[in-house]
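Below is one structure; the comments refer to it alone.
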Amino acid sequence: MTETEIPEDHPRYASLVTRHRIEAGVERGITSKQGLIAQGRGEAFDYLLGERTLPSADDAARAAAATLLLADRPVISVNGNVAALAPAETVDLAEAVDADLEVNLFNHTDERVRRIADHLRDHGAAEVKGLAGDGEISGLDHARGVVDADGIEAADVVVVPLEDGDRAAALDAMGKTEIVIDLNPGSRSPRTADVPILDNLLRAVPNVTEHARDLADATPAELKRVVDEFDADAALDAAEAAIREGSFADRDADAE
Ligand code: PTJ
């Protein structure tokens, strides 16, 4: 079944489309096989969260937008899952906040970096970093630490969707302000982040873009207030509470 053949009234439509995109990403050499496992883990957390954007995740998206608009050198890091799931949405966000896009892979190969960069260009990206590989995230072994010197290495704010905990910690140690998108509130990366967005990438990226457009005319002082009012620990606690205390009783029984 292709994406367009999935009936839109299917109760699991969004989930089926997502799976299809990841599968297609693997077939095109964009997504790693481990990306399939990451996807399964994400789906389980999304199901437990009720497959919705919590009010606290919406607050995080607004704080992320304000953080990006205040940044001098913001970079959005793109891996194989992000490229497969939300290429156009990621390019839109980069445009809305004037950020660079950089392909940055956990399982790094030059071939996959090139394919992902081409895929982003096919979805409207003017420039994609990550091909130079002349910088590093200090404290990591070579393959996992490869970045561009004028990209992530020089960035003040980095958006790291679906990042692994080690790299999130290493970026934090380099003094970067980190915006992490991850569905698992127990994962080390959102727990390291300045702004953890506990939401599905597919909902979170367009939501940050929408907030950025809404905040486009805000003064730096107003943006700073949005950032200062955001409470990262409260956002982590709210997602954990939604998972632990949520009930399946209100859910649609056909949704399986
Ligand atoms: O393309 P590469 O080589 O850079 O590899 C990318 C993956 C994602 C495979 C790699 O970074 C990895 O193995 O990540 P982890 O350690 O499995 O972590 C992925 C995290 O993302 C997990 O906490 C998942 O719950 C979460 N996740 C998965 N899908 C989504 C998600 N979070 C938000 N939205 C999703 N759609």
Side-chain angles (χ1 to χ4, degrees), residues 14-54 57 60-61 64 76-87 89-90 93 101-117 119-120 130 133 137 140-141 143-147 152 158-171 178-193 195-208 235-236 239-240 242-243:
S15 161
L16 292 176
V17 167
T18 307
R19 285 182 181 192
H20 177 76
R21 287 190 191 170
I22 285 286
E23 213 183 325
V26 173
E27 278 160 11
R28 296 166 71 165
I30 287 173
T31 309
S32 72
K33 285 187 188 159
Q34 287 189 19
L36 296 168
I37 299 166
Q39 167 66 24
R41 186 143 67 127
E43 265 188 37
F45 278 104
D46 204 14
Y47 194 81
L48 292 171
L49 279 166
E51 295 173 331
R52 68 203 153 114
T53 298
L54 298 175
I76 302 172
S77 177
V78 180
N79 64 22
N81 285 51
V82 176
L85 289 178
E89 294 83 349
T90 305
L93 173 60
L101 289 165
E102 178 165 341
V103 182
N104 185 232
L105 302 181
F106 179 69
N107 304 293
H108 182 102
T109 67
D110 288 345
E111 179 58 25
R112 203 149 64 85
V113 174
R114 266 195 301 276
R115 282 178 195 238
I116 292 173
H119 187 63
L120 292 173
I137 304 175
L140 292 178
D141 62 63
R144 288 190 310 151
V146 178
V147 290
I152 288 177
V158 194
V159 182
V160 275
L162 282 66
E163 185 57 278
D164 84 290
D166 269 6
R167 292 204 313 176
L171 287 167
E178 278 185 272
I179 296 166
V180 168
I181 301 171
D182 195 315
L183 282 154
N184 176 4
S187 176
R188 265 189 312 148
S189 21
R191 302 194 82 80
T192 307
V195 184
I197 307 178
L198 284 307
D199 200 5
N200 195 319
L201 170 88
L202 283 155
R203 296 188 297 268
V205 172
N207 197 20
V208 178
L236 290 163
E240 183 175 351
I243 288 171

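Both counts, for ligands and for their atoms, begin at 1 and track the order of listing. Heads up: numbering here begins at 1 and tracks the sequence.
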- Output, in order, the C-alpha distance, side-chain angles, deciding distance and verdict of side-chain contact (heavy atoms from CB on, under 4.5 Å) for L105 and V113. CA-CA 8 Å; L105 302 181; V113 174; 3.8 Å; yes
Who's closest to [atom] heavy-atom-wise, of [options]?
| atom | options | value |
| --- | --- | --- |
| atom 30 (C) of ligand 1 | D164, L162, L201, I37 | L162 |
| atom 15 (P) of ligand 1 | R21, R188, R41 | R41 |
| atom 20 (C) of ligand 1 | D46, V205, D182, V103 | D182 |

Closest heavy-atom contact between [X] and [Y]?
| X | Y | answer |
| --- | --- | --- |
| R144 | D166 | NH1-OD2, 3.3 Å |
| D182 | E163 | OD2-O, 4.3 Å |
| A84 | T31 | CB-OG1, 3.2 Å |
| E178 | V160 | OE2-CG2, 3.5 Å |
| A86 | T90 | O-OG1, 2.6 Å |

- Query: Side chain, backbone, both or neither: which part of L85 comes within less than 4.0 Å of ligand 1 when only heavy atoms are counted?
  - Reply: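 Only the side chain of L85 comes within reach of ligand 1.
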- Item | Part of R112 with heavy atoms under 4.0 Å of ligand 1, whether side chain, backbone, both or neither |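 Just the side chain.
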Considering only the protein, which heavy-atom contact is closest to [atom], and what is its distance?
| atom | value |
| --- | --- |
| atom 28 (C) of ligand 1 | A38 O, 3.1 Å |
| atom 4 (O) of ligand 1 | F106 N, 2.7 Å |
| atom 36 (N) of ligand 1 | N200 OD1, 3.0 Å |
| atom 32 (N) of ligand 1 | L183 N, 3.2 Å |
| atom 13 (O) of ligand 1 | Q34 OE1, 4.0 Å |
| atom 7 (C) of ligand 1 | N81 OD1, 4.2 Å |

Contact check, side chains of [X] and [Y], non-hydrogen atoms, under 4.5 Å:
| X | Y | result |
| --- | --- | --- |
| L85 | Q39 | yes |
| R52 | R203 | no |
| N107 | R112 | yes |
| I152 | R167 | no |

Side chain or backbone, does [X] bring an N or O within less than 3.5 Å of an N or O on ligand 1?
| X | result |
| --- | --- |
| N79 | no |
| F45 | no |
| L105 | no |
| N107 | yes |

Number the atoms of ligand 1 from 1 as they appear, then name those within less than 4.0 Å of a heavy atom of [X], with their elements.
| X | result |
| --- | --- |
| G35 | 9 (C) |
| N184 | 23 (O), 25 (O) |
| G80 | 1 (O) |

- Query: Stepwise, does the side-chain contact (heavy atoms from CB on, under 4.5 Å) test hold for F45 with I243?
  - Reply: CA-CA 8 Å; F45 278 104; I243 288 171; 3.8 Å; yes
